[in-house]
Amino acid sequence: MADLSLPYLPPQTTRQKRQLVQFGGVNYGEQPAAGELAESLNLSTRLWPSLSQREERGDATPVPEEGGAYAGITAAFAWAGKLVWVSGTNLYYNGQNVGTVEAGEKQFAVVNTKLCVWPDKKYIDLESNTLRELEESYQNAAGTTASYEDNTITFEEFHKVGTAEQQLSNFTSNITDEYVRNFIRTYSSITWEGNGEYRLSGDIKQVSVHGADEINNETGRCALFLDNNSTGIENFKIQSEEVYSLNTPPTWEDLTTDPDGYYAKFKGGAEEETEYNNPGYITYIRFSVDIIDGKLGNEPVNATDFKVGDVVKLSGSVERDGVKIESIGRYSISFEGEDFGSHGTYSDIKIERLVPDMDFICESENRLWGCGGKTIYASALGDPTNFNDFSGVSTDSYSVAVGTDGDFTGCVAYSGGVLFFKENVLHKVIGSYPAEYAIYTYAIPGIQAGCEKSAVVINEVLYYKGRNGVYAYTGGTPVNIGRYFGSRRFEQAVGGTDGAKYYLSMKEEGGGWGLWVYDPATGLWMREDGTQVVDFIEFPDGLEFLSENKIYAVSGSGEGNFPWSAQFAPFYDGTQSRKRHNKLLVRLDLSAGAWAQIEVRRDNGLWTKVWKQTGRRRNSYMVPVLPLRCDSFEVRLSGEGPCIIRGLTWEYATGSEV
């Protein structure tokens, strides 16, 4: 009988291998390339084309000398290697508390020797390490007056209610002649102009000015003091007009805290004449005083932050705008080219040096630039306190209104000019001085609202967060380098640089924060973790950032081993057919004390751990995988501690298309 069995046909399944030795970055878009990552945690491109972890971070938060911690650090900046930060309402520079500001986030810019703090309109004088005001104002105190003469306004130092000549008879048999003379001589150099009459009546045993250490030798201001053993004081009179009764002789504290606040001010040198009687002597003391109402007086004008050359506004009894200060006296101020004539006294005069309200600021070419409303502003050259000097010279201030729609979203100095962004518009200002400035307008993607801190310049490329991506600008049309984020959208962003890479902390719409790093040398993005950065702080030797009231160094020590992971985009292996993956080969360096593991999943199923290894040495590991049919195959490497992933190979066999 013939053999009717069919011949045996061996299977024709062909095993194939794919290999990765050059890894990509994160790609949240559709159909990422093999080797790109669907997600990453704490990875870096610093050893590219291999995959490795970011550098260890370090705690760089300043610590007070007495220990403890600064409360509520809300803003930070670095200048010339020195840290500036806001803790609560205190502003610190190089470890020194220089003054108070409003709590919250800040913008900083340095012009000349002034480190400007915005929106507080203050600055740190970098020469004296003191906090001062960009704006300044001076107004005569209520109840006092000021007078005009030619180009000068003179303010009343104090409100005088009387003057006097006084002779006191001092029965001092219990006080040596040397003590009396030294005591009077202490005040003999204090002088004041004026005439009038001052009287003390009654049987006085001893009257003196209290304590040489309790008189202001600059102003001559002191209180009248009558010893408690004085008797017969009926009243205190000024030019025979009763002011108040002294039925009980007051002490020094009584007079300095008296609500009426009257005090005596010497205006003439004291003279002594001694008549000796057995067993004692009498000293006659003659001196002149003004009687002052202490409630009414002005602070010295030269104690303010006004300076010669400031352009100010006058209001009240005289209205002037754009007048320049020529000179400043103790209680007077003169203006260039003004002539007020000769007038009487006025009770309402205010002098103001104003700085415009601006939403965003930056420094360029030794000027403070800013924008707010519809206007772009620049300060006078080297002087961020003056925005209203329009004298027609090269050092003038500058302002220009723009007609484009929408609010400004940020400004940044770039390549000798200044860029002012709206979400869909760029205004570029170029030129060397106000008469030469020109403004050009471009309809290009701008900085997204809420992302003004994302603007960072690296090697003459400006990076910033726009509404539809992250852009690189070199002077022409911006290039969207954020296409790898796919359809994900972000609403806030803060950027910084270590000089080579672009660090960007962003908040996803409806989601949380994350910290991504873009490497211009490779064009790759890596996600580090979920850090929300308030400010990046750029030092000459490294980058730091402020997060959750603490400051961290991007490259530091003390963090120890930290978790990492690399989730590769699905492997489709260039075919629509179903596949069976049965083997992985991973080549990596795993440091002592570190560990790594591999998980796989198919067609968006559950993750299954297929391998784990603790650190020993560089090696290649073969990982067997259960050969199940699938369309897509995913691999996730994760671990803790230093690890370098140098290569990944997988083996598979193709099957049918269904």
Side-chain angles (χ1 to χ4, degrees), residues 107-112 114-123 133-137 305-315 319-325 335-338 350-423 425-442 446-447 449 452 455:
Q107 298 178 58
F108 300 93
V110 178
V111 178
N112 205 347
K114 297 176 175 62
L115 195 160
C116 303
V117 183
W118 206 263
D120 298 79
K121 297 185 180 181
K122 295 186 178 185
Y123 69 91
E133 301 285 345
L134 288 172
E135 290 189 315
E136 184 59 288
S137 65
D305 279 341
F306 284 119
K307 60 186 182 298
V308 172
D310 282 349
V311 176
V312 298
K313 176 183 179 181
L314 307 180
S315 59
E319 299 286 342
R320 295 283 197 284
D321 202 356
V323 293
K324 183 174 289 190
I325 296 176
F335 302 95
E336 290 184 9
E338 293 296 319
K350 188 175 185 179
I351 305 172
E352 296 175 284
R353 184 184 68 210
L354 300 175
V355 171
D357 296 327
M358 298 183 288
D359 298 321
F360 308 103
I361 63 167
C362 67
E363 182 277 337
S364 178
E365 302 297 321
N366 206 21
R367 298 178 188 266
L368 182 64
W369 291 80
C371 54
K374 295 287 186 181
T375 306
I376 293 170
Y377 302 93
S379 72
L381 183 67
D383 184 4
T385 67
N386 273 288
F387 279 80
N388 297 290
D389 188 355
F390 304 108
S391 303
V393 296
S394 62
T395 58
D396 274 358
S397 311
Y398 174 78
S399 67
V400 61
V402 298
T404 53
D405 190 31
D407 297 328
F408 285 107
T409 56
C411 68
V412 60
Y414 178 74
S415 192
V418 190
L419 309 181
F420 294 90
F421 286 97
K422 297 183 178 183
E423 285 200 331
V425 173
L426 166 63
H427 296 288
K428 179 192 291 188
V429 180
I430 60 174
S432 301
Y433 53 89
E436 192 186 65
Y437 288 152
I439 183 167
Y440 298 91
T441 301
Y442 305 91
I447 294 175
E452 65 277 1

request  = Determine whether T441 and V402 make a side-chain contact, defined as any pair of heavy atoms from C-beta on separated by less than 4.5 Å.
outcome  = no

ask   = Taking the side chain as C-beta and beyond, is there a heavy-atom pair between V323 and V311 under 4.5 Å?
value = no

inquiry  = Using the side-chain contact (heavy atoms from CB on, under 4.5 Å) criterion, which residues pair with D407? Sequence neighbours excluded.
reply    = none

task = Please tell me if the side chains of E363 and V111 come closer than 4.5 Å, counting only heavy atoms from C-beta onward.
result = yes

query = Mind checking whether L381 and Y433 have side chains closer than 4.5 Å, heavy atoms only?
reply = no

request  = For Y437, enumerate each residue passing the side-chain contact (heavy atoms from CB on, under 4.5 Å) test, keeping only those at least two apart in sequence or located in another chain.
outcome  = R367, W369, Y398, V429, P434

remark   = Minimal heavy-atom distance between S364 and A413, with the atoms involved, is CB-CB, 3.8 Å

key: Any donor-acceptor N/O pair, E452 side chain to I447 backbone, under 3.5 Å   = no

key: Results of side chain to side chain donor-acceptor pair (under 3.5 Å) for N112 - residues two or more places apart only   = none

For D310, side chain to side chain donor-acceptor pair (under 3.5 Å) partners two or more places apart = K307, R353, N386

ask   = Can you name the side-chain contact (heavy atoms from CB on, under 4.5 Å) partners of E319, sequence neighbours left out?
value = S315

Under 3.5 Å: donor-acceptor pair, side chain of S379, backbone of L368 = yes

side-chain contact (heavy atoms from CB on, under 4.5 Å) against E135, all qualifying residues, sequence neighbours excluded = K121, L354, V355

key: Polar side-chain atom of K114 near backbone of Y123 as donor-acceptor pair, under 3.5 Å   = no

request  = List for me each residue that meets ring pair (Phe, Tyr, Trp, His ring centres under 6.0 Å) alongside F335, sequence neighbours excluded, and say none if there are none.
outcome  = none

key: Pairs involving residues 400-422, ordered by first then second residue, that meet ring pair (Phe, Tyr, Trp, His ring centres under 6.0 Å) (sequence neighbours left out)   = Y414-Y473, F421-Y464

request  = Look only at the side chain of Q107 and the backbone of I361, and say whether a donor-acceptor pair between them is shorter than 3.5 Å.
outcome  = yes

request  = Kindly indicate, with the supporting measurements, whether the criterion side chain to side chain contact (heavy atoms under 4.5 Å, CB included) is fulfilled by V425 and Y442.
outcome  = CA-CA 6 Å; V425 173; Y442 305 91; over 6 Å; no

ask   = By side chain to side chain donor-acceptor pair (under 3.5 Å), which residues pair with T375, not counting sequence neighbours?
value = none

query = Among all residues two or more places apart in sequence or in another chain, which pass the salt bridge (Lys or Arg N to Asp or Glu O under 4.0 Å) test with E133?
reply = K122

task = Output yes when a side-chain donor or acceptor of K374 lies under 3.5 Å from a complementary backbone atom of T404, and no otherwise.
result = yes

ask   = If you look only at pairs with a residue in residues 388-405, which of them pass as a salt bridge (charged side-chain N to carboxylate O under 4.0 Å, His left out), with sequence neighbours excluded?
value = K324-D389

query = Which pair of non-hydrogen atoms, one from D359 and one from G373, has the smallest distance, and what is that distance?
reply = OD2-N, 4.0 Å

inquiry  = Could you work out, with side chain to side chain donor-acceptor pair (under 3.5 Å) as the rule, every residue matching D305, not counting sequence neighbours?
reply    = R132

